[in-house]
Amino acid sequence: MKKKWLALTLSLAMTLSLAACGSTGGTSTSGSGSGSGSGSGSGSDGDVITVGFAQVGHESDWRTASTESAKKVFSPENGYELLFSDADNDSAVQLEAIRGFIQQGVDYIIVDPIVSTGWDSILTECEDAGIPVIVIDRTIDDSDKYVSWVGSDFKTEGLACGEWLKAYAAAKGITEINALVIEGSTGASATIGRTEGFKEVADREGWTILDSQNGDFTEAGGQEVMESYCQSYAGQFNVVICQNDNEAYGAMTAMDAAGVSYGVDGDVIIVSFDSNEPAVEHVLNGNMNATFECNPMAAPTVDEVIKQLEAGETPEKEIYMEESWFAAEDLVTEITVNGETMPITQVTQEVLDARPY
Ligand code: GZL
């Protein structure tokens, strides 16, 4: 498709230079995929397909699952050469990585946008270079110069959390909700959507949101914000909404230290988004009351999009991931969100064992 020998030479040079400095972030060529993805990416002309993946960073379990899924699918065994960039949550680094992919003449660019704005210029550069862009996970809200977006409806996740809490509180005889929110990274569409969805239900139900601060989707961030909340709002709150699992782990550490009880038998209801295996285990054990899934496994769907493009077909512009909602108790078995009735899955050992990440 493109000048692959040039891309591979450049990426090998970049890999060798990066290998010398080690990396939590940075760009590398991944040839280490385990090959268990569904991909069979050989190009229409039988050549290896080179994919540049500009990932957000390595801030959470969700992110790790997303990266591992991509490395399994876009592997040499599946006919791909993957150039991988970990921007370490730095938008400037992410944009420069994409410029690097353009210079290397990759066949496709995949991006999980750290923030939802500031994208039209770089997407125009990709368009001018004739490189299709596929967006995964978070959304780009100020440009549509990409082929497809594969991800989750974050506002629906927030609404689901609110509707579950409404039903759960009613079942438990809780008449007053005073909530604290630990937000994800500022400007991320996941943060914007979850905040908006939960607040829509809270406003409708007359709940009080005492505070809503950025925990940056990290365990340390969640702990730091919750430590502050335990000082500022001692005895005033009965709900903590963590916008990802890792923030919830940090919040639980902070509440333990402050002597605040939480979970099924505690004074404070605590929920998270993402539903990685450790969070689902916390729900099984009653440490958390519920978790709302955000599926990180977009890579197999992106592989299908690339196959369609290689075959000259037009993929869907928006492709939504399948997701579930999990709770510790069976007090609420279903909720209605956007007119659609969705089951609430009570976590059992079998449910936990079946978690794919
Ligand atoms: C959401 C994703 C978020 C996760 C966090 O799709 O972008 O970023 O919820 C991750 O765990 O850090």
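Both ligands and their constituent atoms are indexed starting at 1 by order of listing. We count residues from 1, following the sequence as given.
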Problem set entry | Side-chain donor/acceptor of T191 to backbone N/O of S185, under 3.5 Å |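 Yes; at least one donor-acceptor contact below 3.5 Å.
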Exercise. Ignoring hydrogens and geometry, is there a side-chain-to-backbone donor-acceptor pair from S75 to K71 under 3.5 Å?
Worked result: no
Exercise. How would you list, by chain and number, every residue that makes a side chain to side chain donor-acceptor pair (under 3.5 Å) with E68, sequence neighbours excluded?
Worked result: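 In terms of side chain to side chain donor-acceptor pair (under 3.5 Å), with neighbours along the sequence ignored, E68 is linked to no residue.
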Exercise. Looking only at distance, does N244 have an N or O less than 3.5 Å from an N or O of ligand 1?
Worked result: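 Yes; at least one N/O pair falls below 3.5 Å.
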Closer than 4.0 Å to some heavy atom of [X] - which atoms of ligand 1 meet that?
X: S60; value: 5 (C), 10 (C), 11 (O), 12 (O)
X: F154; value: 1 (C), 6 (O)
X: R138; value: 2 (C), 3 (C), 7 (O), 8 (O), 10 (C), 12 (O)
X: R194; value: 1 (C), 9 (O)
X: A190; value: 1 (C)

For a quick check under 3.5 Å, do [X] and [Y] share a side-chain donor-acceptor pair by atom type?
X: T117; Y: D142; result: no
X: T253; Y: D256; result: no
X: N289; Y: Y262; result: no
X: T291; Y: S272; result: yes
X: N238; Y: N178; result: no

For this session: Would you kindly specify which portion of E293 sits under 4.0 Å from ligand 1, judged on non-hydrogen atoms: side chain, backbone, both or neither?
Result: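 The answer is neither.
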Problem set entry | Per-residue contact class, F273 against ligand 1 - non-hydrogen pairs under 4.0 Å |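 No part of F273 is near ligand 1 at this cut-off.
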Exercise. Should M321 be listed as contacting ligand 1, given a heavy-atom distance under 4.0 Å as the test?
Worked result: no
Exercise. So is C294 in contact with ligand 1, going by heavy-atom distances below 4.0 Å?
Worked result: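 Distance cut 4.0 Å: C294 passes for ligand 1.
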To check your reading of the model: name the closest protein heavy atom to [atom], its residue, and the distance in Å.
atom: atom 6 (O) of ligand 1; result: D137 OD1, 2.1 Å
atom: atom 12 (O) of ligand 1; result: E59 OE2, 2.4 Å
atom: atom 5 (C) of ligand 1; result: D274 OD2, 3.5 Å

Problem set entry | Ionic contact status for K155 with E200, cut-off 4.0 Å | yes
